[in-house]
Amino acid sequence: IFGFENFADNSFEQFCINVANEQLQFYFNQHIFAWEQQQYEEEGLDITSVAYKDNRPLLDMVLSKPLGMFALLDEEAKFPKASPASLVDKFTQAQKQCKWQHFKAMDKKDAAKHTIRVKNGNPSGKAKQITSPLFTIEHYAGTVVYNSEGFLEKNRDTLSRNVSELLGSSSNTLIRQLFKPLDDSARGNKQAVSNKASVSATFKISLLDLMSKMMSALPHFIRCIKPNTLKQCHNFDDTHVSQQLKYTGVLETTRIRRDGFAIRMLFLEFVTKYKSLAFTAQEYKVYSADASPEDLAHACKKIAKRAGLRGVQMGKTKIFLKYFHGESLLRLMETQHSSATTVNRIVRGFLARRKLKHMREEKARIERERREQLEREAAERARQERLEAERKAAEEAAAAAQRAAEELAKKQREKEEAERIATLRARKKREEEQQRAEEARLEALRVAAEAARVAKETEERIQAEEAAAKKAAEEEAARRQQEEEAARLKAEQEREEKRKKAQSDYQAALQRQGSNTSTLTLEPASTGSGDAAGGHGD
């Protein structure tokens, strides 16, 4: 639904829109102003009724039957020869009969002064005289001049026969069915044609349906104000805005709120919020929901008196205040809050300084105890360090002594091990020398035995040969005797060389052994010499 409209040329569309806004304004008045007055009456306030502009007579003039404007418009639209002039005449007759206060038909003299401008491609526009009858209606937002031209046609909302036949012959199946031509019986049935609802009737039904839905809901009214008609930013048209505020009833609402009581609070809520303004520390009393209305009302009067509020009304359960009373109470609360803040600041500052003093003394005591504790801990650490140093020194000395003893024992063990190894080596060397000497002896004995065997064999061969030839044998015996003597001498010479070599090896071994130990004896050497001598004797 558009807002209230008042153009240079207002037709049937503007009339319907303005009627809808009248209905919404009536609902707004009933919800705001009538409810305001009802609340005052329920609370028993001794004040005059809230004055506001009631537009119920205008709605009755338009919507009532059978002499309402919509009803007369539907009735006139049924006549084939009806015209705008006949429609305005019918409105005028109904005005005289019903004594309408908001309708006025304009005479020719006043209508001649009313002109409108149309573009027609010319930017400057040109004046156009309206020849059809005009009439005015005093709406809540102002007087509007309506042009009766087109009211009947727009209300009938019928298509011409040519248009219907054209759409009925469309190639689109849906459009062809919607505009299917009527048969002869249907064309002759005027009752069927007359039963078609007019635009005003449909609009009235839609408006009543809207109002029934709004009556069953909880309304919140939002007024949208356009700053200008050019849809431009930073462009504020004072006249246009003032006109909208007037048309939407905002100024009327503001006046009612200003003349009435804009602030209304329950006794308990008012006392709970503003009791600090009236009650001293001795009079302070906590009011609860169980308190009687008389006690709460008395407390409210006391608060209003001490706050200097004039014009306050006391209801049965609520206190009613003017709009400026709230500002006065707010200033008093701010002053009290500022004073309380100052006192709180001073007291808290005093308490904070005293606490700071105690904290500083406590800090000094704690620091003193801390220093003493640190000194005790430092002395204890020094003593522990001294004891630790002494313990470490003793442990190091003991460890050094232990290491020295271990080194000495190690050296002694190494010396003993070296002596043992040397003894073992000497013994082994001696055993090896004895073994080699024994082997040499055995070799000498083997050689001697071999020589004896050879000698025996030779002797036997000689004896055998002597039987063959004595002379040759003798010569051969002499020769052989010489050879044997030479062999014997050579064998003895070889044995002597082996003995000397064995003795020299033995002496060398004794010399090597003497360099390591002095415990060796020459007993094995004597034995060896005896063996050698025995072998030589053999």
Over 12 non-hydrogen atoms of neighbours within 6.0 angstrom of NZ in K90: yes

Any V62 side-chain heavy atom under 4.5 Å of F70 side chain: yes

Heavy-atom pair with the smallest gap, counting every atom of A304 and V312: CB-CG2, 4.5 Å

Closest heavy-atom pair and its distance - R176, G168: CG-O, 3.0 Å

Interatomic distance, N228 atom CG to H234 atom NE2 [nearest 0.5 angstrom]: 11.5 Å

T335 side-chain N/O to R331 backbone N/O, donor-acceptor pair under 3.5 Å: yes

Greater than 12 external heavy atoms within 6.0 Å of K154's NZ: yes

K316 with E43: basic N within carboxylate O range, under 4.0 Å: no

Under 3.5 Å side-chain donor-acceptor pair for Q244 and H240: yes

T136 side chain near V144 side chain, heavy-atom distance below 4.5 Å: no

Donor-acceptor pair between D295 and S292 side chains, under 3.5 angstrom: yes

4.5 Å side-chain heavy-atom contact, K355 and M359: yes

Test item: D237 side-chain N/O and T229 main-chain N/O as donor-acceptor pair under 3.5 Å: no

Student check: side-chain heavy atoms of F135 and M106 closer than 4.5 Å: no

Salt bridge present between R370 and E367 (N-O < 4.0 angstrom): no

Worked check of side chain to side chain contact (heavy atoms under 4.5 Å, CB included) between K81 and F79: CA-CA 6 Å; K81 295 183 179 181; F79 296 103; 5.8 Å; no

Atom of A71, atom of P66 and distance for their closest heavy-atom approach: CB-O, 3.6 Å

CA sep, side-chain torsions, deciding dist, call: Y140, L58, side chain to side chain contact (heavy atoms under 4.5 Å, CB included): CA-CA 9 Å; Y140 74 94; L58 190 144; over 6 Å; no

Stepwise side chain to side chain contact (heavy atoms under 4.5 Å, CB included) test for I319 and F267: CA-CA 6 Å; I319 179 173; F267 289 154; 4.1 Å; yes

Charged N-O contact under 4.0 Å between K318 and E269: no

Over 12 foreign heavy atoms within 6.0 Å of CZ, R360: no

Main-chain N/O of A77 paired with R156 side-chain donor or acceptor, under 3.5 Å: yes

Partner of L374 by side chain to side chain contact (heavy atoms under 4.5 Å, CB included), out of E372, R376, E377: E377

Stepwise side chain to side chain contact (heavy atoms under 4.5 Å, CB included) check, M69 with I137: CA-CA 11 Å; M69 295 184 71; I137 295 179; 4.0 Å; yes

Donor-acceptor under 3.5 Å (T92 side chain, V88 main chain): yes

Gap separating the CD atom of Q25 from the CG atom of L59, nearest 0.5 angstrom: 10.0 Å

Ring center gap for F103 and Y146 short of 6.0 angstrom: no

Atom CE of M215 with >12 non-hydrogen neighbours under 6.0 angstrom: no

Non-hydrogen atoms of V241 and I225 that approach each other most closely: CG1-CG2, 3.9 Å

Aromatic plane relationship, F15 with F151 - under 30° parallel, 30 to 60° tilted, over 60° perpendicular: tilted

Backbone N/O of E22 and side chain of N55: donor-acceptor pair under 3.5 Å: yes

Six-ring centre of Y274, R306 cation under 6.0 angstrom, axis tolerance 45°: no

Residue of the set R354, R353, E361 for which side chain to side chain contact (heavy atoms under 4.5 Å, CB included) holds with K357: E361

Exercise: do D157 and S198 side chains pair donor with acceptor under 3.5 Å: no

Validation row: L152, F12 side chains within 4.5 angstrom (heavy atoms): no

Backbone of H139 reached by a side-chain donor or acceptor of T143 within 3.5 Å: no

Check: L63 main-chain N/O paired with K204 side-chain donor or acceptor under 3.5 Å: yes

Point-to-point distance, once rounded to the nearest 0.5 Å, from OG of S328 to CG of L277: 11.0 Å

Any donor-acceptor N/O pair, Q336 side chain to S276 backbone, under 3.5 Å: yes

R223 atom CZ, neighbour heavy-atom count above 12 within 6.0 Å: yes

Heavy-atom closest contact (F203 atom, C16 atom, distance): CZ-O, 3.0 Å

Side-chain ion pair, K78 and D74, N-O less than 4.0 Å: no

Euclidean distance, L167 CG relative to Q177 CD, rounded to 0.5 Å: 14.0 Å

Derivation and outcome, side-chain hydrogen bond (donor to acceptor under 3.5 Å, both in side chains), residues E149 and S11: CA-CA 7 Å; E149 183 69 29; S11 185; over 6 Å; no

4.5 Å side-chain heavy-atom contact, L296 and L268: yes

H325 side chain to R310 backbone, donor-acceptor under 3.5 Å: yes

Parallel, tilted or perpendicular: ring planes of F91 versus W100, cut at 30 and 60 degrees: tilted

Heavy-atom pair of closest approach, residues L67 and A94: O-CB, 4.3 Å

Pairwise side-chain contact, Q14 with N6, heavy-atom cut-off 4.5 Å (strictly under): no

Donor on one side chain, acceptor on other, Q373 and E369, under 3.5 Å: no

Salt bridge (charged side-chain N to carboxylate O under 4.0 Å, His left out) between D209 and K213, worked out: CA-CA 6 Å; D209 180 64; K213 292 180 180 178; 3.5 Å; yes

Donor-acceptor under 3.5 Å (N21 side chain, I17 main chain): yes

Test item: P293 and T317 side chains (from C-beta on) under 4.5 Å apart, heavy atoms: no

